[in-house]
Amino acid sequence: MTRRTDIAALRDDFPLLTGGGNLVYLDSAATTQKPNAVLDAIRNYYVRDNANVHRAAHALADRATTAFENARRAVQAFVNAQHAHEIIWTRGTTESINLVAQSYGATTLRAGDEILISVLEHHSNIVPWQLVAAKTGATLRAIDIDDRGDLDLDDFHRQLSARTKIVAIGHVSNALGTINPIKEIVEAAHAAGAIVVVDGAQAAAHLPIDVRDLDCDFYALSGHKMFGPTGIGVLYGKEALLDAMPPWQAGGEMIETVTLEKTTFNRLPYKFEAGTPNIADAIGLGAAIEYLHGIDGAALRAYEANVVAMARARLGQMEGVRIIGNARVSTAVVSFAIDGAHPHDVGTLLDQQSVAVRAGHHCAMPLMQRLGIPGTVRASFCLYNSAADVERLVAGIDKVRQLL
Ligand code: PMP
């Protein structure tokens with residue numbers, strides 16, 4: 001298969017971006033726009049194949065089930081999992097992490113155990129652990145960062161001990177773009193006897209993911225941050241761990257047999273998929289993966305790195321603009337502050353120039369506290385952004401500085 005190398009042409013696949021107007025969309029870390037391939041897959045499913053999966057004895061249900069399970073296999077290949085049944089459908093990263101916290105965490109943690117996260121984490125990788133810590137008597141600790149916004153690995157190794165049972169860490173920071181050294185973290189955590197949960201929400205659109213190479217125990221991602229639909233996400237878990245975990249939600253689909261006295265549970269992955277699943281959006285996510293698969297990965301990463309480097313360089317030269325986070329390895333996020341301006345005001349004024357960024361704490365309030373700032377303005381890039389978008393951002397910031 002020949003993969004597409006003309007990355008600049010990909011923008012034409014996104015109707016929201018090409019449908020007229022002059023929007024510069026720099027908020028892909030919040031959610032990406034969707035290519036026609038994904039929109040078509042969802043529509044085609046509803047027009048041609050819509051039926052409930054796994055149960056009915058008719059051809060339509062067979063087609064729906066096949067498409068749904070093919071999407072699971074697409075995710076399996078995307079993250080390089082060993083088995084398709086290690087892929088659990090969820091609503092997204094948040095639900096995936098809650099599943100691990102409530103099923104694995106609540107049944108294995110004891111008083112005195114420790115859960116180790118980092119100050120870089122999104123609230124979705126903090127609050128579920130606070131809840132399970134309160135329930136079990138475990139303690140939540142956080143790895144610090146250095147001045148660049150990289151994880152302080154010395155602090156990680158200092159805090160990691162035989163008490164550590166779970167290390168929950170983002171692959172990529174949504175606020176600073178920092179890429180964390182997951183392999184190194186997994187290796188050390190396993191040596192200490194802890195399992196590792198990776199929040200991959202910000203990695204999926206930008207990095208190759210290989211759960212077997214990382215050797216992580218769980219990996220969570222969201223469809224909507226990787227060109228797929230909202231409302232669908234994935235939890236990858238190692239078979240042996242998932243097998244040993246109790247179900248966390250109960251109902252249809254997750255059962256094998258039910259009497260009024262007792263229920264036996266279905267095999268993986270269905271044990272964790274109570275109720276009618278989000279069939280259409282799972283198929284949509286499968287289409288997003290197929291779309292990404294059709295793009296040359298090296299060309300994509302080089303193109304994106306170039307656009308982001310340009311943004312960092314141009315903003316770095318602007319008087320009164322301070323880039324926040326300068327990690328040694330990072331992805332497509334550029335967080336910044338403008339002297340004397342509140343991030344929300346900057347966001348509003350950029351929006352008036354049709355430049356869509358995000359402003360605020362980015363669901364990472366502990367990180368903002370650590371950095372001693374109320375929030376940042378965040379421009380986040382992906383494959384449909386270009387040098388022209390960077391220029392529009394720069395012009396927009398110039399105007400903001402004149403206005404404020
Ligand atoms: N983790 C990170 C790093 C994120 O950026 C996000 C989304 N902003 C989440 C978790 C939560 O993802 P979702 O809202 O799709 O569950």
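Read the numbers this way: they start at 1 and go in the same order the structure lists the ligands and their atoms. Numbers here are sequence positions counted from 1. Side-chain atoms are counted along with the backbone in the values below, which use heavy atoms only and exclude waters and symmetry mates. Just so it is clear, the structure is predicted and the values come from calculations on it, not from any experiment.
Side-chain polar atoms of Glu256 and Thr264 form a donor-acceptor pair below 3.5 angstrom.
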Please tabulate protein-ligand N/O pairs under 3.5 Å for ligand 1, atom names and distances to 0.1 Å.
from: ligand 1; atom 1: 1 (N); to: Asp199; atom 2: OD1; distance (Å): 3.2
from: ligand 1; atom 1: 1 (N); to: Asp199; atom 2: OD2; distance (Å): 2.5
from: ligand 1; atom 1: 5 (O); to: Gln202; atom 2: NE2; distance (Å): 2.7
from: ligand 1; atom 1: 8 (N); to: His122; atom 2: NE2; distance (Å): 3.2
from: ligand 1; atom 1: 8 (N); to: Lys225; atom 2: NZ; distance (Å): 2.7
from: ligand 1; atom 1: 15 (O); to: Ser222; atom 2: OG; distance (Å): 2.6
from: ligand 1; atom 1: 15 (O); to: His224; atom 2: NE2; distance (Å): 2.7
from: ligand 1; atom 1: 16 (O); to: Thr93; atom 2: N; distance (Å): 3.4
from: ligand 1; atom 1: 16 (O); to: Thr94; atom 2: N; distance (Å): 2.9
from: ligand 1; atom 1: 16 (O); to: Thr94; atom 2: OG1; distance (Å): 2.6

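Annotation for Arg4: atom CZ counts as buried by contact number, over 12 foreign heavy atoms lying within 6.0 Å. Heavy-atom neighbours of Arg91 CZ from other residues, nucleotides or ligands within 6.0 Å: at or below the threshold of 12. Within a 6.0 Å sphere centred on CD of Glu290, other residues, nucleotides and ligands contribute 12 heavy atoms or fewer.
The pair Arg72-Glu273 counts as a salt bridge, with a side-chain nitrogen and a carboxylate oxygen less than 4.0 angstrom apart. A salt bridge is defined here as a Lys NZ or Arg NE, NH1 or NH2 lying under 4.0 Å from an Asp or Glu carboxylate O, and Asp155 with Arg158 meets this definition.
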